[in-house]
Amino acid sequence: RNTARYMLGNLSDFNPSEHTLETVSLSELDKLALGRLDDLVARVNHAYENYEFHTVYRNLVDYVAVDLSALYLDVVKDRLYSDRADAPRRRAVQAVLFTITSALARIAAPILCFTAEDVWKHMPDWEGKASSVHLCDLPEGKLLAEDSPEVLTWNTLRKYRDLSGKALEEFRAQKHRSEDACLTIHAPAEDREILGQSLATFAELAIVSKAVLGDEKDGRIEVSEAPGTRCERCWRWYEEMSSDAPDVCLRCAEALT
C-alpha cells in the first residue's frame, strides 16, 4: 500500500494517453525495470493458474521490497524531483511507474481485493479505463531467461551496486554523501564489457556522481571524491555548471527557469 501510494503521488501530473511507453524515451534502467515487471507478471500468472497463492504472495512481496522500494524507486527519485516537470527523462519514469502500478493492481486484485480497487480508483484517468480493477484482464508477462542479456546486465549491475554500498560506508563515515563519490570499478574480464556499456546506469543505480572502469581486475571498488562542482539543488557533482546560475547544474537551471 505504501509503495502504491508513493507511485500514485508521482503520477499526479501524468497523462497516460499523452505519454505512453511507445512515445517516451526510456533509459536503460527503465527498460531493465520493465523487463523485471514482465518476469514478475509471468511468474504470478503461472502461480494463479496452479492455485499457488503463497507463490503469488511471495513474488509480490519480494518484487515490491527489492526491485521497487530498494532499487528502482530509490534511484529514480532524483529524476522525479530534480528534473523539470515535463522533462523527457521524468516523463519516462512516470510512464514506467504507471505501467507498474497498473500491473500490480491487476495481479493483486484476486487476493488483495479492496487495496487493489483503491489503487485502481486513484490512478490517473485515461480513455477506456475500466470502472473497477475487477473488470480488467490480468496483464500479460514474459519470463526472462537466466542467460538473457537483460538478466545478465541486471545481475551484474546489482552485484556491483551491493559492493559499492560496502565501499561507500567508510566514505559516508567521513561526513560525505554518496552523491559526493566517484567510483572506480576494478572489474574482472567477464564483467568489464557489461559495466563498460552501462557506466551511466551504474552511477545512477549506486546514487553517485560518476563511475569509471579501473585498470586492475580484482573486483575491487575504489571510492574518491567526484570531480567538479556540487550542484546546490540536486547535490550531484558536475564539471560544467550553469552560466546563469553558477551554483546549480544545467539540468537544475533548466528546471528552475
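Atom CD of E140 has 12 or fewer neighbouring heavy atoms from other residues, nucleotides or ligands inside a 6.0 Å radius. The number of heavy-atom neighbours closer than 6.0 Å to CG of D137, taken from other residues, nucleotides and ligands shown, is 12 or below. By the 6.0 Å contact criterion, CD on E52 is enclosed, its count of non-hydrogen atoms from other residues, nucleotides or ligands being greater than 12. Counting non-hydrogen atoms of other residues, nucleotides and ligands closer than 6.0 Å to OH of Y6 gives a total above 12. Crowding of H122 atom NE2: a count of heavy atoms from other residues, nucleotides or ligands under 6.0 Å not exceeding 12.
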task = Evaluate side chain to side chain donor-acceptor pair (under 3.5 Å) for H19 paired with Q94, printing each intermediate quantity in order.
result = CA-CA 9 Å; H19 305 289; Q94 288 182 305; over 6 Å; no
Pair T229-Y238, side chain to side chain contact (heavy atoms under 4.5 Å, CB included): steps then yes or no = CA-CA 5 Å; T229 305; Y238 299 90; over 6 Å; no
ask   = Could you walk me through whether L80 and L73 pass the side chain to side chain contact (heavy atoms under 4.5 Å, CB included) check?
value = CA-CA 10 Å; L80 289 169; L73 296 182; 5.9 Å; no
key: Worked check of side chain to side chain contact (heavy atoms under 4.5 Å, CB included) between C234 and Y81   = CA-CA 9 Å; C234 69; Y81 301 161; over 6 Å; no
task = Just do the side chain to side chain contact (heavy atoms under 4.5 Å, CB included) check on R177 and D180 with the steps written out, would you?
result = CA-CA 5 Å; R177 300 174 56 88; D180 298 334; 3.8 Å; yes
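In this structure, K77 pairs ionically with D74, as a charged nitrogen and a carboxylate oxygen lie closer than 4.0 Å. Of the charged side-chain nitrogens involved, none lies within less than 4.0 Å of a carboxylate oxygen, so that E127 and K129 do not count as a salt-bridged pair. In this structure, D83 pairs ionically with R251, as a charged nitrogen and a carboxylate oxygen lie closer than 4.0 Å. Using a 4.0 Å cut-off between charged nitrogen and carboxylate oxygen, R58 and D62 count as a salt-bridge pair. Classification of K217 and E190 as a salt-bridged pair fails, no side-chain N sitting under 4.0 Å from a carboxylate O. We find that D78 and R236 are joined by a salt bridge, their nearest charged nitrogen and carboxylate oxygen being less than 4.0 Å apart. The existence of a salt bridge linking R90 and D13 is confirmed by a sub-4.0 Å separation between a basic side-chain nitrogen and an acidic carboxylate oxygen. A salt bridge does not link R36 to D38: none of the charged nitrogens lies less than 4.0 Å from a carboxylate oxygen. Residues K159 and D191 are paired through a salt bridge, judged by an N-O separation under 4.0 Å between the basic side chain and the carboxylate. With salt bridges taken as basic N to acidic carboxylate O contacts below 4.0 Å, none links E170 and R172.
Tracing side-chain contacts under 4.5 Å through hydrophobic residues (I, L, V, M, F, W, Y), one reaches L97 starting from L26; they form part of the same cluster. Residues M123 and L21 share a single hydrophobic cluster, defined by chaining ILVMFWY side chains whose heavy atoms lie under 4.5 Å apart. Using a 4.5 Å cut-off between side-chain heavy atoms of Ile, Leu, Val, Met, Phe, Trp and Tyr, with links allowed through other members, W120 and M7 fall into the same hydrophobic cluster. V208 and V212 are members of different hydrophobic clusters when ILVMFWY side chains are connected at heavy-atom separations under 4.5 Å. Criterion: ILVMFWY side-chain heavy atoms under 4.5 Å apart, direct or through other members. Under it, L213 and I194 are not part of a common hydrophobic cluster.
In plain terms, the two heavy atoms of E117 and S132 that are nearest each other are OE1-OG, 3.0 Å. The two residues S69 and T3 have their closest heavy-atom pair at OG-OG1, 3.3 Å. In this structure, G141 and N45 approach most closely via the heavy-atom pair N-ND2, 4.3 Å. Scanning all heavy atoms of the two residues, the minimum distance from H186 to D215 falls at ND1-N, 3.7 Å. A116 approaches A105 most closely through the heavy-atom pair CB-O, 3.3 Å. Of all heavy-atom pairs spanning P16 and D125, the tightest one is CD-O, 3.7 Å.
No hydrogens or angles considered: nothing links the side chains of T115 and D118 as a donor-acceptor pair under 3.5 Å. Using modelled atom types, one finds a donor on one side chain and an acceptor on the other under 3.5 Å when comparing T23 with T20. Judged by distance alone, the side chains of S209 and E179 never bring a donor and an acceptor atom under 3.5 Å apart. Of the N and O atoms on the side chains of D67 and Y72, not one donor lies less than 3.5 Å from an acceptor on the other residue. Between the side chains of S27 and R79, at least one donor-acceptor pair of N or O atoms lies under 3.5 Å. The closest side-chain donor-acceptor pair between R158 and N155, if any, does not fall under 3.5 angstrom.
A distance of 8.5 Å separates CG in N15 from CZ in R91, rounded to the nearest 0.5 Å. Interatomic distance, L152 CG to S148 OG, rounded to the nearest 0.5 Å: 6.0 Å. To the nearest 0.5 Å, atoms CD1 (I107) and CG (L37) are separated by 7.0 Å.
Side-chain atoms of V119 and L104, non-hydrogen and from C-beta on, never get closer than 4.5 Å to each other. Between I111 and L60 the shortest side-chain heavy-atom distance falls below 4.5 Å. Inter-residue side-chain proximity for L256 and R233 is flagged as met; some heavy-atom pair is nearer than 4.5 Å. Put simply, the side chain of T153 does not reach to within 4.5 Å of the side chain of T201, judged on heavy atoms. Contact of the V151 side chain with the W154 side chain is not registered, since no non-hydrogen atoms from C-beta on lie closer than 4.5 Å. Here the side chains of I221 and K166 are not in contact, with every heavy-atom distance at 4.5 Å or above. Residues R89 and S25 fail the side-chain proximity criterion, which asks for heavy atoms closer than 4.5 Å. Taking 4.5 Å as the limit, some side-chain heavy atom of E193 sits within range of a side-chain heavy atom of Q197.
In this structure a side-chain-to-backbone donor-acceptor pair under 3.5 Å is present from D39 to L144. R230 places no side-chain N or O within 3.5 Å of a backbone atom of W235 that could act as its donor or acceptor partner. Not a single donor-acceptor pair under 3.5 Å links the side chain of S164 to the backbone N or O of A206.
Tested against K210, the residues E225, E239, E204 include a single salt bridge (charged side-chain N to carboxylate O under 4.0 Å, His left out) partner, E239.
Note: W126 and F98 meet the aromatic proximity criterion, with ring centroids under 6.0 Å apart.
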